[in-house]
Amino acid sequence: MSAMLVFLAVIAAIATWWLARHGIASKPWLEVGNTDVGDTSHFEVAKMPVAKVGLGVFLAVVGALFTLFVSAYLMRVDTRDWWALPVPRLLYVNTGILFLSSVCLHWAKVEALRVRREGLRTALLATFATALAFVTGQVFAWQQLVAAGYTLTDDAAASFFYVITGMHGLHILGGMVALVRTARLAWGDGPVNGKLRLNVELCAIYWHFMLAVWLVLLALFAGWASNFVDICRQLLQ
């Protein structure tokens, strides 16, 4: 329970920082500038923080969801009938692939800011390819565990592993859908405008977040989080 409170506090702090950073308390009606009805440029600027705040709220919800999974895992792992699940080595390879995918999307963001369409297209293709490789690698890791006799209904540890990693994989697939929509804009005939740059930036933020979530999950499955949990319990006593 103490670990859950710490995780929720961290999520709340991140959400508060996000909303403060992207101007949730800003007052656009006090902005000084051209208010000509025929000039719609200020409307495009106003949409950008709204989209970022919306993504921030969504990521806070996703973070809370995974926090509940982590909390349930940590509470269950202390029971006597818990049998540790061997972590497939392929997970470490998949972690490197997901990290590379996040780097590629950051590259895409830089290319979009510099208005270099060809570099942007290459970076988006590299991101999609590495994301697909990560999801495929996760499936292979599942197959290795099943072949070793660890099925979904075998024990609690296996059930938690499949459910949590499956939920993370679904979020990666959802990000890939958004990535495809962004790539369609990049392959269009129009210029690298603010809408395209915003879409790339939102995808990058989402990708970095899912990488951070995966690193936490990997630490959980590998047992590295035990010391952190012990420290949290001592602080809350």
Side-chain angles (χ1 to χ4, degrees), residues 18 21-24 28 33-34 38-63 65-66 90-91 93-142 165-215 217:
W18 180 279
R21 180 184 178 188
H22 293 287
I24 190 64
N34 186 8
D39 182 9
T40 60
S41 60
H42 59 285
F43 291 110
E44 183 177 358
V45 174
K47 291 180 181 179
M48 293 182 65
V50 172
K52 290 182 180 179
V53 169
L55 178 61
V57 173
F58 174 74
L59 294 183
V61 174
V62 173
L65 174 64
F66 280 101
L90 186 56
L91 288 187
V93 178
N94 295 342
T95 301
I97 294 175
L98 185 59
F99 178 81
L100 180 60
S101 184
S102 185
V103 171
C104 289
L105 200 41
H106 179 74
W107 171 31
K109 177 183 174 181
V110 173
E111 294 296 316
L113 290 176
R114 295 178 179 176
V115 197
R116 298 195 296 210
R117 184 178 293 275
E118 292 301 323
L120 173 59
R121 291 174 175 175
T122 303
L124 291 176
L125 279 176
T127 303
F128 186 86
T130 49
L132 183 61
F134 172 79
V135 174
T136 304
Q138 294 294 81
V139 174
F140 284 148
W142 281 13
T165 57
M167 184 64 63
H168 181 268
L170 287 177
H171 282 83
I172 292 295
L173 290 175
M176 291 173 66
V177 173
L179 192 63
V180 169
R181 296 179 61 182
T182 302
R184 290 179 61 184
L185 293 177
W187 259 265
D189 297 331
V192 181
N193 54 17
K195 180 180 179 181
L196 177 56
R197 290 193 295 269
L198 176 60
N199 284 356
V200 173
E201 183 179 1
L202 294 179
C203 287
I205 293 171
Y206 181 85
W207 229 251
H208 300 335
F209 180 84
M210 295 311 301
L211 172 62
V213 170
W214 174 249
L215 292 177
L217 296 180

Are side-chain heavy atoms of [X] and [Y] found at a separation under 4.5 Å?
X	Y	result
L217	V213	yes
V62	F209	yes
V103	T127	no
Y206	L202	no

Would you compute the distance between atom [atom1] of [X] and atom [atom2] of [Y] and round it to the nearest 0.5 angstrom?
X	Y	atom1	atom2	answer
L90	F140	CG	CZ	8.5 Å
W207	L211	CH2	CG	11.0 Å
M167	L170	CE	CG	6.0 Å
I97	S102	CD1	OG	14.0 Å
L105	I205	CG	CD1	10.0 Å
F99	L215	CZ	CG	9.0 Å

Evaluation steps, side-chain contact (heavy atoms from CB on, under 4.5 Å), between T165 and W142: CA-CA 9 Å; T165 57; W142 281 13; 3.0 Å; yes
Given M176 and V180, is the side-chain contact (heavy atoms from CB on, under 4.5 Å) satisfied, shown in steps? CA-CA 6 Å; M176 291 173 66; V180 169; 5.5 Å; no
Using modelled atom types and a 3.5 Å cut-off, is there a donor and acceptor pairing between side-chain atoms of H106 and backbone atoms of A204? no
Any donor-acceptor pair under 3.5 Å linking the side chain of S101 with the backbone of T130? no
Walk me through it: do L65 and H171 pass the test side-chain contact (heavy atoms from CB on, under 4.5 Å)? CA-CA 12 Å; L65 174 64; H171 282 83; 4.3 Å; yes
L120 and side-chain contact (heavy atoms from CB on, under 4.5 Å): which single residue from V200, T182, L125, L113 fits? V200
Evaluate side-chain contact (heavy atoms from CB on, under 4.5 Å) for L98 paired with T95, printing each intermediate quantity in order. CA-CA 5 Å; L98 185 59; T95 301; 5.8 Å; no
Kindly assign one of parallel, tilted or perpendicular to the pair H168 and W214, based on the angle between their ring planes and the thresholds 30° and 60°. tilted
Salt bridge (Lys or Arg N to Asp or Glu O under 4.0 Å) contacts touching residues 94-114 (sequence neighbours left out): E111-R116
If I compare all heavy atoms of C104 with all of A123, which pair ends up nearest, and what's the gap? O-CB, 3.7 Å
Over all heavy atoms of both residues, which pair between W107 and G119 is shortest? Give the atoms and the distance, please. CZ2-O, 4.2 Å
With sequence neighbours excluded, residues passing side chain to side chain donor-acceptor pair (under 3.5 Å) with N199: none
